[in-house]
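Each remark here refers to the structure printed beneath this line.
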Amino acid sequence: MPSEVTGKVRRIFTWVLRVLLGLAFLAIGIEKLTGTQGTIPFFDAIGWGQWFRYASGALDTVGALLIFVPLWTSYGALIITCTVGLGTVLCFTMHLFNPIFPLVMTLLAATLVWLAWRPKVA
(Lines give C-alpha, C1' and ligand atoms only; values in the text may rest on other atoms or scores of the structure.)
Protein backbone atom coordinates (compact mmCIF):
# COMPACT_ATOMS: atom_id res chain seq x y z
CA MET A 1 0.00 0.00 0.00
CA PRO A 2 2.73 2.61 0.83
CA SER A 3 4.43 2.05 -2.54
CA GLU A 4 1.08 2.63 -4.32
CA VAL A 5 0.68 5.92 -2.48
CA THR A 6 4.28 6.90 -3.22
CA GLY A 7 3.81 6.07 -6.92
CA LYS A 8 0.59 8.07 -7.08
CA VAL A 9 2.15 11.10 -5.35
CA ARG A 10 5.13 10.89 -7.72
CA ARG A 11 2.83 10.83 -10.78
CA ILE A 12 0.80 13.79 -9.50
CA PHE A 13 3.93 15.80 -8.69
CA THR A 14 5.38 14.96 -12.11
CA TRP A 15 2.23 16.16 -13.88
CA VAL A 16 2.12 19.36 -11.82
CA LEU A 17 5.76 20.09 -12.72
CA ARG A 18 5.05 19.27 -16.38
CA VAL A 19 2.23 21.78 -16.57
CA LEU A 20 3.98 24.53 -14.58
CA LEU A 21 7.36 24.27 -16.30
CA GLY A 22 5.86 23.62 -19.73
CA LEU A 23 3.68 26.72 -19.61
CA ALA A 24 6.36 28.87 -17.97
CA PHE A 25 9.06 28.00 -20.50
CA LEU A 26 6.70 28.22 -23.44
CA ALA A 27 6.03 31.82 -22.37
CA ILE A 28 9.73 32.48 -21.66
CA GLY A 29 10.75 31.04 -25.05
CA ILE A 30 8.19 33.14 -26.90
CA GLU A 31 9.32 36.26 -24.99
CA LYS A 32 12.90 35.63 -26.06
CA LEU A 33 11.95 34.96 -29.68
CA THR A 34 9.82 38.11 -29.90
CA GLY A 35 12.20 40.31 -27.92
CA THR A 36 9.66 41.35 -25.29
CA GLN A 37 9.81 41.74 -21.49
CA GLY A 38 13.31 43.23 -21.50
CA THR A 39 15.00 40.29 -23.17
CA ILE A 40 16.91 42.44 -25.68
CA PRO A 41 18.71 44.53 -23.01
CA PHE A 42 19.39 41.39 -20.97
CA PHE A 43 21.08 39.63 -23.88
CA ASP A 44 22.93 42.84 -24.78
CA ALA A 45 24.30 42.86 -21.23
CA ILE A 46 25.59 39.31 -21.68
CA GLY A 47 27.52 40.51 -24.71
CA TRP A 48 27.06 37.45 -26.92
CA GLY A 49 24.74 39.09 -29.42
CA GLN A 50 21.08 38.68 -30.22
CA TRP A 51 21.64 35.36 -31.99
CA PHE A 52 22.02 33.86 -28.51
CA ARG A 53 18.58 35.21 -27.54
CA TYR A 54 17.06 33.47 -30.55
CA ALA A 55 18.92 30.22 -29.86
CA SER A 56 17.95 30.28 -26.19
CA GLY A 57 14.34 31.10 -27.05
CA ALA A 58 14.16 28.27 -29.56
CA LEU A 59 15.62 25.79 -27.07
CA ASP A 60 13.22 26.94 -24.34
CA THR A 61 10.25 26.63 -26.69
CA VAL A 62 11.24 23.19 -27.97
CA GLY A 63 11.99 21.99 -24.43
CA ALA A 64 8.62 23.25 -23.21
CA LEU A 65 6.76 21.51 -26.02
CA LEU A 66 8.63 18.25 -25.35
CA ILE A 67 7.67 18.45 -21.67
CA PHE A 68 4.01 18.11 -22.67
CA VAL A 69 4.69 14.76 -24.40
CA PRO A 70 5.03 12.14 -21.62
CA LEU A 71 7.50 9.97 -23.54
CA TRP A 72 9.78 13.00 -24.19
CA THR A 73 9.30 14.89 -20.91
CA SER A 74 12.72 14.07 -19.49
CA TYR A 75 14.47 15.22 -22.67
CA GLY A 76 12.55 18.49 -22.77
CA ALA A 77 13.27 19.09 -19.10
CA LEU A 78 16.95 18.32 -19.70
CA ILE A 79 17.10 20.95 -22.46
CA ILE A 80 15.46 23.48 -20.15
CA THR A 81 17.76 22.52 -17.26
CA CYS A 82 20.75 23.31 -19.47
CA THR A 83 19.45 26.64 -20.79
CA VAL A 84 18.20 28.00 -17.49
CA GLY A 85 21.24 26.54 -15.73
CA LEU A 86 23.47 28.62 -18.00
CA GLY A 87 21.28 31.62 -17.24
CA THR A 88 21.78 30.99 -13.53
CA VAL A 89 25.55 30.83 -13.94
CA LEU A 90 25.52 34.07 -15.97
CA CYS A 91 23.40 35.82 -13.33
CA PHE A 92 25.81 34.73 -10.58
CA THR A 93 29.00 35.56 -12.44
CA MET A 94 27.98 38.72 -14.31
CA HIS A 95 25.67 40.12 -11.60
CA LEU A 96 22.96 40.81 -14.17
CA PHE A 97 20.01 40.40 -11.84
CA ASN A 98 18.87 38.36 -8.86
CA PRO A 99 19.77 34.72 -9.61
CA ILE A 100 17.17 33.18 -7.26
CA PHE A 101 14.44 32.75 -9.92
CA PRO A 102 16.63 31.00 -12.50
CA LEU A 103 18.21 28.89 -9.75
CA VAL A 104 14.79 27.68 -8.56
CA MET A 105 13.71 26.99 -12.14
CA THR A 106 16.92 25.02 -12.76
CA LEU A 107 16.29 22.88 -9.69
CA LEU A 108 12.64 22.28 -10.65
CA ALA A 109 13.59 21.33 -14.22
CA ALA A 110 16.30 18.98 -12.96
CA THR A 111 13.77 17.42 -10.59
CA LEU A 112 11.43 16.84 -13.53
CA VAL A 113 14.25 15.17 -15.48
CA TRP A 114 14.73 12.77 -12.57
CA LEU A 115 11.01 12.12 -12.01
CA ALA A 116 10.18 11.55 -15.68
CA TRP A 117 13.28 9.50 -16.59
CA ARG A 118 12.40 6.04 -17.87
CA PRO A 119 15.40 3.81 -18.38
CA LYS A 120 15.36 1.47 -21.36
CA VAL A 121 14.23 -2.02 -20.55
CA ALA A 122 16.44 -4.64 -22.18
#### Entry: Derivation and outcome, side chain to side chain contact (heavy atoms under 4.5 Å, CB included), residues F68 and T73
CA-CA 6 Å; F68 290 119; T73 296; over 6 Å; no

### Message
Apply side chain to side chain contact (heavy atoms under 4.5 Å, CB included) to residues M105 and F25 and explain how you reach the verdict.
### Response
CA-CA 10 Å; M105 297 304 273; F25 279 95; 3.5 Å; yes

Quick check against the 3.5 Å criterion: does [X] have a side-chain atom that pairs as donor or acceptor with the backbone of [Y]?
X	Y	answer
T81	A110	yes
W51	W48	yes
S74	W117	no

On a heavy-atom basis, which atom in [X] and which in [Y] lie closest, and how many Å separate them?
X	Y	result
L78	V113	N-CG2, 3.3 Å
C91	P102	SG-CG, 4.2 Å
I80	A109	CG2-CB, 4.0 Å

### Atom CZ of F101: over 12 foreign heavy atoms under 6.0 Å
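Counting other residues, nucleotides and ligands, CZ of F101 stays at 12 neighbours or fewer.
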
### Query
Do T88 and T106 get their side chains close enough for a donor-acceptor pair, meaning under 3.5 Å?
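The answer is yes; a qualifying pair exists.
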
### Task
Would you tell me whether K32 and T39 have side-chain atoms, one donor and one acceptor, within less than 3.5 Å of each other?
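No, T39 and K32 have no side-chain donor paired with an acceptor closer than 3.5 Å.
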
[X] [atom1] to [Y] [atom2] distance, which is reported to the nearest 0.5 Å:
X	Y	atom1	atom2	answer
L21	T111	CG	OG1	9.0 Å
I40	R53	CD1	CZ	4.5 Å
L90	F97	CG	CZ	10.0 Å

Should [X] and [Y] be regarded as members of a common hydrophobic cluster, given that ILVMFWY residues are connected when their side-chain heavy atoms come within less than 4.5 Å of each other, either directly or indirectly?
X	Y	value
F13	V104	yes
L26	I28	no
L71	L115	no
M94	F42	yes
L108	I100	yes

### Task
Identify whether NZ of Lys or CZ of Arg in R18 sits under 6.0 Å from the centre of the six-membered ring of W72 and within 45° of that ring's axis.
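Output no; distance or angle outside limits.
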
### Full working for side chain to side chain contact (heavy atoms under 4.5 Å, CB included) between L33 and Y54
CA-CA 5 Å; L33 291 172; Y54 289 113; 4.2 Å; yes

### Task
Output, in order, the C-alpha distance, side-chain angles, deciding distance and verdict of side chain to side chain contact (heavy atoms under 4.5 Å, CB included) for I12 and W15.
CA-CA 5 Å; I12 290 170; W15 275 101; 5.9 Å; no

